[in-house]
Amino acid sequence: MKVKGLFNRKKPVVSFEIFPPKLDTPLESIYDTLDQFKALNPDFISVTYGAGGSQKDRTIEIASKIKDEYGVESMAHFTCVGHSKEEIDSMLDSMHDNALENILALRGDPPKDQPDFDFTKNVYRYASELIQHIRSKNNFCVAAAAYVEGHVDCRRLKDDMLHLKEKVDVGVDFLVTQLFFDNRLFYDFLDKAATLGINCPVTPGIMPIFKADQIKRITSLCGASLPAKLVIMMDKYGGNDEDMRKAGIEYASMQIKDLVDNGVDGIHLLTMNRPKSSREILQNTGLL
Ligand SMILES: Cc1cc2nc3c(=O)[nH]c(=O)nc-3n(C[C@H](O)[C@H](O)[C@H](O)COP(=O)(O)OP(=O)(O)OC[C@H]3O[C@@H](n4cnc5c(N)ncnc54)[C@H](O)[C@@H]3O)c2cc1C
C-alpha cells in the first residue's frame with residue numbers, strides 16, 4: 001500500500017522510524033523489537049539507510065519483513081550519496097522486486113572521512129534530482145526530508161524553503177521533517193510552506209530524549225535548536241539514565257499532544273528502536 005493514501009483517510013498518521021542492527025549484530029536481533037512495535041499498531045514503519053549505504057541490504061530486508069511477515073506497511077530510506085548510477089538503479093530495482101512501495105528519497109550527508117565531499121561529483125547533486133530519476137523509473141510513493149529550522153548546509157532559511165519547494169514540485173507525495181523540540185518552529189514552517197504552495201502532507205519527526213549526551217551530539221549534527229526548558233531538564237536529569245528517559249518521554253508526549261491538538265497530518269516517532277518507551281509515549285498521548 002502506498003502511504004500517501006493514508007493521509008487522506010486518517011489524522012494523524014502514526015509512524016515509527018527504526019534503524020537496522022549494526023553489521024556485526026545478527027539481523028534476527030531486531031525481530032523481538034519488531035514484535036513489540038507491531039503490537040503498537042503503527043500506520044507504517046520506516047527503516048533508515050546506513051550512512052553511505054553501509055547497511056543497504058539490511059534496510060531492504062527489514063522493510064520487506066515488516067511488510068510481508070508483520071503485516072505493517074513499511075518505507076525504506078535511501079540516500080544516493082557516493083553511489084554510482086548502476087548502484088542506485090540496482091537498489092531501486094531491489095526495492096521494487098521486494099514489493100516495497102514507499103521510499104524516503106534523500107541525498108545524504110558527506111561521507112564521514114570526506115567532510116568537504118564535492119556533491120557536483122555525485123550522480124545526483126540534490127535529492128530533487130534523485131526524485132526526478134525515481135519518478136521516471138518506478139511507481140513508488142516518494143517521501144522527502146524537510147527541515148523545520150533549515151538544513152545545516154543552507155545559509156539562508158528562505159533559500160532552503162525554496163529548495164524544498166523545488167523538491168516537492170518534481171514529485172514528492174509527503175514530507176517527513178527533521179527532529180525539532182519547539183512546536184512553534186514547526187507551525188511557522190507550515191505557514192511558510194503553505195505560502196510557497198507546498199500542499200502535500202507533512203509529518204513531523206519527534207525524537208524523545210533518552211540521554212543528554214546523545215541529544216547534544218545529534219543536534220550538533222542536524223542543527224536542531226534546544227529550547228531553554230529542555231536544556232534545564234537535561235541539566236537536572238542528565239546524570240541519571242532512568243530519570244532522563246522519563247523526563248524525555250514526558251517532553252515528547254507534551255510535544256505530540258500539542259501537535260495533535262493542532263491537527264497535524266502525522267506523527268513520525270524516531271523510536272531509537274525502543275518499543276517500551278514508544279508505548280509509554282503513545283499511551284500518554286492517547287495514540288495507542
Ligand atoms: C526525515 C529524515 C530522515 C533521514 N534519514 C536518513 C537516513 O536514513 N540515512 C542517512 O544517511 N541520512 C538520513 N537523513 C539525513 C539526510 O541524508 C541529510 O540531512 C542530508 O544532508 C540531506 O539530504 P536531503 O535529501 O534532505 O538533501 P537535499 O534536499 O538535496 O538538500 C541538501 C542541501 O542542498 C540544498 N539544495 C537543495 N536543492 C538545491 C539547489 N537547487 N541549489 C542549491 N542548493 C540546493 C538544500 O537547501 C540543503 O541545504 C534523514 C533526514 C531526515 C530529515
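One-based numbering, in listed order, for ligands and for the atoms of each.
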Please check if any side-chain donor atom of His133 sits under 3.5 Å from a side-chain acceptor atom of Asp89, or the reverse. yes
Does the Arg58 side chain pair with the main chain of Phe19, one donor and one acceptor, at a distance under 3.5 Å? no
Parallel, tilted or perpendicular: which one describes the rings of Phe140 and His96, with boundaries at 30° and 60°? perpendicular
CA sep, side-chain torsions, deciding dist, call: Asp32, Gln36, side chain to side chain donor-acceptor pair (under 3.5 Å): CA-CA 7 Å; Asp32 178 47; Gln36 296 178 63; 3.3 Å; yes
Is the side chain of Tyr251 donor-acceptor paired with the backbone N or O of Lys229 at a distance under 3.5 Å, no angle test? no
Near ligand 1 (heavy atom, under 4.0 angstrom), the protein residues are Thr48, Tyr49, Ala51, His77, Thr79, Leu104, Leu106, Arg107, Gly108, Asp109, Tyr126, Ala127, Ala145, Tyr147, His151, Asp153, Cys154, Asp160, His163, Glu166, Lys167, Val176, Thr177, Gln178
Take the angle between the ring planes of Phe189 and Phe186 and call it parallel below 30°, perpendicular above 60°, tilted in between. parallel
